[in-house]
Amino acid sequence: MEQAGTEHWLHELGYAQHGASLFRAGEHVPATHRYATELRALLAPDGLIRAKAVFDVDGTPTVAFIENTPGVSVDAIRQRIWNQNLVTIVLEVGNDTASAYSPQRDEKPIALTLEAAKPDGRWSAKDIQSGDIAQRVPAWFSAEQRVDHDLLRNLGAAVQLLREQGLPKEAAQYLIGQVLFVSYLEHRGVISDVYRQRHGVGELAALIEAQDRQGLIALFTRLKADFNGDFLAAKVAKEAGWISLPAAAFGVLHRFMARVDLHTGQGSLWNYDFRFIPVELLSGIYETFLGEERDALGAFYTPRHLAQLTVDMAFEGIADPSQETVFDGACGSGILLTTAFRRMLGHAQAGRSIPLPLSERIELLKTRIFGSDLSEPACRVTAFSLYLSLLEDLVPRDLAELTSDPAVKLPELLGSNLIAGKSGDFFAAANPFAGRASFSILLSNPPWSEPALSGTGQGSLSYEAWAERAGRALVRRQIAAAYAQRAVDSVKQAGRLVLILPASLLLAPTSRPFLVDWLSRVRPERIVNFGDMRRQLFAAADHGCVVVVAHPRHPDARPVVPVTEVFDYWVPKVDISLAFGRLTLHTSDRARVQTQDLIQDNAVLRHRTWGTEADVRLVRRLLREGTIGALAEAREWRIGKGFHKTDRSAEKLSPARFRKIPYLNARAIPRHWPVLPETSLSRFPKEIDSVTTYGAHEGTIYSGPRVLFPDGLSADLEMRATYAEGAFSFQHTVAAICGQEGDEDMLRFLAIYLRSPLVRYLAMQTAFSPSSERERITVAEVSALPLAQPDTPERRKIVRRVATISRSLERQVNQILVAEEPDLSEAYELVMAYMGLSDMEVGLVHDITQWALPSRQSSVNGAALTPWQSAPDQRDLLAYARALQRELMSMRDARRGKGQFEVTVHAGRRFSRRGVGVIEVKIHNAGGPRASRVDNQTLEAVEALVARLAKEGVMPMEVVENLFLSSDVCVLHEDHAYLIKPLACRLWRIGLASEDAARLVAGAAAQGPAA
C-alpha cells in the first residue's frame, strides 16, 4: 500500500514517464553509474535513508522520494542526505499530502496536496528539469550551505586553531587527518563495538572528549597493526603529537567532531556522518593542508563535478576501465585518482551478483593506480582517500578478515604506488613513474604557477632544467606547460593524456611557441574550455581552466600535423545545471577545429569561446578591412604607454619634466564620456620623486590630439577611451594613440569607436582576458582590433558627423550641469554603419553584448537567472526564425536548389516563461516566399508534438526523457525538419541560426539526393 502511494505521486507529478532517470527501491542500479554507490545507499530497503525512488537529472541524483518510516524522523534522513552532498530536494509523500524539504537544516518544508499535484506543476519533473525550482527556492541551492563547503571551512578553522595552541602546521594537519580517517572507519562499521571489545580500545570521540592520550596512542597503534594504513603509521602518530597535546587543542578537536562552527562557536544539531560523506570530498583536505603555500604553488582543490567529468573523458570509449593503468604525476590530495579508482571498481563489479572481494580490490589498486607529488602530506591524503574507496560496501566476511586475519591488511601505498618528496617531483630523474611511457592514462591537474624573475643569479627550477635538457618549449615560465610536455613521455604510444590546464596556456596570444611544439607531439582529441565557470570551479584562482584530452603522436609521424586533423572544442557556460551540481553542454557549446588552425593562430579558440561560425565570419570580414595598428602605421601615429614609476632593475630618472605639466590619474578618466573634462587633470604627485622610464616614444605621447585608454575595462567590457589634446603626463597604466594636427576628426571617431558595443563585442571575440579571465586589454590587442580606413565618401562623412558629436559632448562635459551618462546611441549606430554591418550582423553584436557579456563568468551557482539563461521573448524567437530562413535560402541559392522554406517556432512555455521550443521547417517545392512565425503554445502541446513524432519514428524516443537538455536534436522527415531547443536566450542567438541551417543541410546531404 505504501509503495503504491509513492507510485501514485510519481505518476501525478510526471516522474514515472522518465524511466531512464528514475530509480526505484529494489530495482537494479547499474554498477557503472557514476553515483552507483550513493544511489544504492539512498535506495537500500534496509538502509538508513530508505528512499522509495530517486530522480536524477543528467546523471546527478536530484530528488529523493521518502515515506514516513516508524522510528526514523525526516530530519534524520535529511541529515544523512545532506552529508551525501548530492540530492537537492526530499519529497516526503503520504496518502493525500506531501512535504518538500531541503537537505539543508534551516530551510522550512513546503506543503503540497495530491489534488494540486500536476505533471507540469510545482515539484514536478518538469519543475526540476526546467530549473524553475531553483528560481523559486534559491536558498535550497546555496553552495555555501552544502556539506563540502561546511566541512572544508571547518577543517581550515580547526587547523588554524590548533596552530594557535602552539602546534606546528604539519602536526595540526596530521591530527585532523587521523581524526577524519578513523571517523570514516568507525562510522562505516570497519571499526565496530566487537572490534573495540576484542582489542580493548576506545571510541575516538570518547577518547578525545576525555583527553585520554594513552588511549588514543593505543587506538592508533592497534589500528596500524590491523590495517597497515599509511595514515596510521607510527611516524604520523608521533608527528601528530597526541601524547603532549594541550588540553585546549583537545577542545578544538572535540568541538570539530561535534560539528560546532569553529568560526562562530555555534553548535549544530546535524553532525558530520562519514557513512555518507563522499570519499572524494575528503580530498578537499588538501586545501587546508596547503594553506598559505597554495597560491605560491598554483595548486587548487579540484571540485567533485569537474573531477567526475574529467574521469568521464579519461575512460570515454573504453569498454572496461578496470583494465587501464592510471597515473597522476601531481596527484595532490588524490581526487582524480580516487574518482578514477571508484569508477574502475564499478566496472570490475559490473556483472557480479556479490560485491568485489577485498583481495581483488587490493589487487586492482596496487596494479592500476599510481601517483606522485612533492608534498608528502598530500600523498597521505591520497592514500587515505584510496583506502576509503577500497573499504566501501565491503561485505561482513571481508570486514571480519580485515580485522582478524593477519594476512589481510590495507596495502602500503607510500613508497610504492605513491611517491612523495624529491622523488615525487614529476621532473626528477629519480621519479620512477614520470617519463617511463608505462601507463595507459595520465590524468592530472598540475600546478599552474608562473614564477616571476626576482633578479639576477636566480637558478632555473627543476621543470625549467628538464625542459632545457629535453629541448621543449615553455612560455611565461608556466609549470603546467612543462608538465604537459613531459606527460607525453609518460604514457604508452596508444595512451591518453587528460590534463586540467590554465586556459591561458592554450588561449593567450603569447602561448603560441608552446602550442607549436606540443601539438607536434600530441594529437588533441578534445579541448573543453571552462573559462566561463572560473568562479564556480576555482574561486581563488586568477585563471580559468581547460581540460585537454590528447594522444601521443607516433615518433615517426612527428612533427607533421595532417591538414585534415580536427578536434572537438567545447565551451560550456554557466547555466541552471550548476545549481544541481552538474555540467551541461549544448550544441552551441561545441565546435570542430582544425589542429593546423590552432598551430597557426590560437585566435581560433578565442573566436569560438563565445562566438558561432557566423561570428567568426563577421570578425574575419572586419579584419580584412584593416586594423587600428595598420591605420596607425599608415598615418604615422604613435601608440604607447606612459611613464613607469618603479622597476627594481632600472636606473632611477628625475621626474622634473613632468612637474611642468598637469598630471592625469588613470582613475580620473571618465567612466561614460569619450572626451576628457578639464577637471580630470591635477598637479604632478609630490610623492613620485623618481621614475624609471619617461614613457613610450621618448615621452612624446603627452601632447597633441590623442586617444587615451587605461588597461582596465568596465564590468561590461567598455573601454574608457577618451579624446584629449592638451599637454599632461600619465603613468604606464594608461596608453595613448597619438596623431597629427589633421587627425583630430579621426581620433575623436576612434575614441567613440573604442567605447562602442561593436568593440565590446570584438573584445569578447578576439581578446584573451576579457573573454576568459579579467576585465583587462593590452595595447597589442587594441592595435589588433578591426578598423577600416576612411577610404570612401560615406565613411569620411560618418567620421565628420561623429567628430561633431564628440565636440558637442566636450562642451557639455565642461559645463557645471551635465547628464551623468551621455546619449551616444546615434554615434554607436554610425560606428556600425562605418564598418558596414548588415542587420543580421547587428543582431550578432546585440546577442553578445546584451545577453552573453552581462552573464560572463557569473559568480552565481546557476540558481539565479542571467540574461544568457533567461527566456527569449516573441521578438527574439521571430528574429531567430527569420535568420534561419535567410540562411537556408542562401545555402539553397549557393547550391542552385529550388523551393521555399516555411519556418515555424512552436514555443511551449511554463508559467515561468521557461520551456521548450520546437523549430519546424517545411519545404515547399513551389510558390513564393513564406513568412516565418512563432506559435505560442502550452508546454503540454509542444510535448505532445514531440511525443507524436517520436511515436511515428521521426524523432528518437530518448528525446522525450528530458526536453530541457535536448538542444542536440535535429531530425529530417520527408518534407519537414525539426530542431528542439530549451527556451534560453543563449540557444536562440542569431549566430546559431547559421549553424542550425548548416546542420539541416548536412543532414539532408547525408540522406542522399532524394532529401
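What you see below is based on every heavy atom in this structure, not just the backbone, and it leaves out hydrogens, waters and symmetry mates.
The side chain to side chain donor-acceptor pair (under 3.5 Å) search around Q349 returns none, not counting sequence neighbours. Remark: D312 engages R34, R343 in a side chain to side chain donor-acceptor pair (under 3.5 Å) (not counting sequence neighbours).
Not less than 6.0 angstrom separates the ring centroid of H347 from the ring centroid of F315. A centroid separation of less than 6.0 Å is found between the aromatic rings of W123 and W140. A distance below 6.0 Å separates the ring centres of Y195 and H199. For F65 and Y15, the distance between ring centers is under 6.0 angstrom.
Contact of the L162 side chain with the I176 side chain is registered, since non-hydrogen atoms from C-beta on lie closer than 4.5 Å. Contact check for L180 versus F274: side-chain heavy atoms found under the 4.5 Å cut-off. Inter-residue side-chain proximity for I66 and L91 is flagged as unmet; no heavy-atom pair is nearer than 4.5 Å. Contact check for R352 versus L356: side-chain heavy atoms found under the 4.5 Å cut-off.
R196 and E186 are joined by a salt bridge, as a carboxylate oxygen and a charged side-chain nitrogen come within less than 4.0 angstrom of each other. A salt bridge links R24 with E7: at least one charged nitrogen is closer than 4.0 Å to a carboxylate oxygen. With respect to the salt-bridge test (charged N to carboxylate O, under 4.0 angstrom), the residues R136 and D127 qualify. For R78 and E107, the salt-bridge test fails: no basic side-chain N is under 4.0 Å from an acidic carboxylate O. For the pair E392 and R188, the salt-bridge criterion is met [side-chain N within less than 4.0 Å of a carboxylate O]. Ion pairing between a basic and an acidic side chain is recognised when a charged N comes within 4.0 Å of a carboxylate O; R275 and D273 show such pairing.
For the residue pair Y101 / D75, no side-chain donor-acceptor distance below 3.5 Å is found, with atom types taken as modelled.
Here the shortest heavy-atom pairing between L204 and S183 reads CD2-OG, 3.8 Å.
Under a cut-off of 6.0 angstrom, the local environment of CD in E115 is sparse, with at most 12 non-hydrogen atoms contributed by other residues, nucleotides or ligands.
Expressed to the nearest 0.5 Å, how far CD1 of I81 lies from CG of N85 amounts to 12.0 Å. If you take CD1 on I133 and OG1 on T88, they are separated by 9.5 Å, rounding to the nearest 0.5 Å.
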Problem set entry | Worked check of side chain to side chain donor-acceptor pair (under 3.5 Å) between D56 and Y35 | CA-CA 10 Å; D56 85 17; Y35 295 116; over 6 Å; no
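With hydrogens and angles ignored, the 3.5 Å screen pairs a side-chain donor or acceptor of S389 with a backbone N or O of S385. At distances below 3.5 Å, not a single donor-acceptor pair connects side-chain atoms of E92 with backbone N or O atoms of V74. Formation of a donor-acceptor pair under 3.5 Å by the T382 side chain with backbone atoms of G332 is found in this model. T62 places a side-chain N or O within 3.5 Å of a backbone atom of T60 that can act as its donor or acceptor partner.
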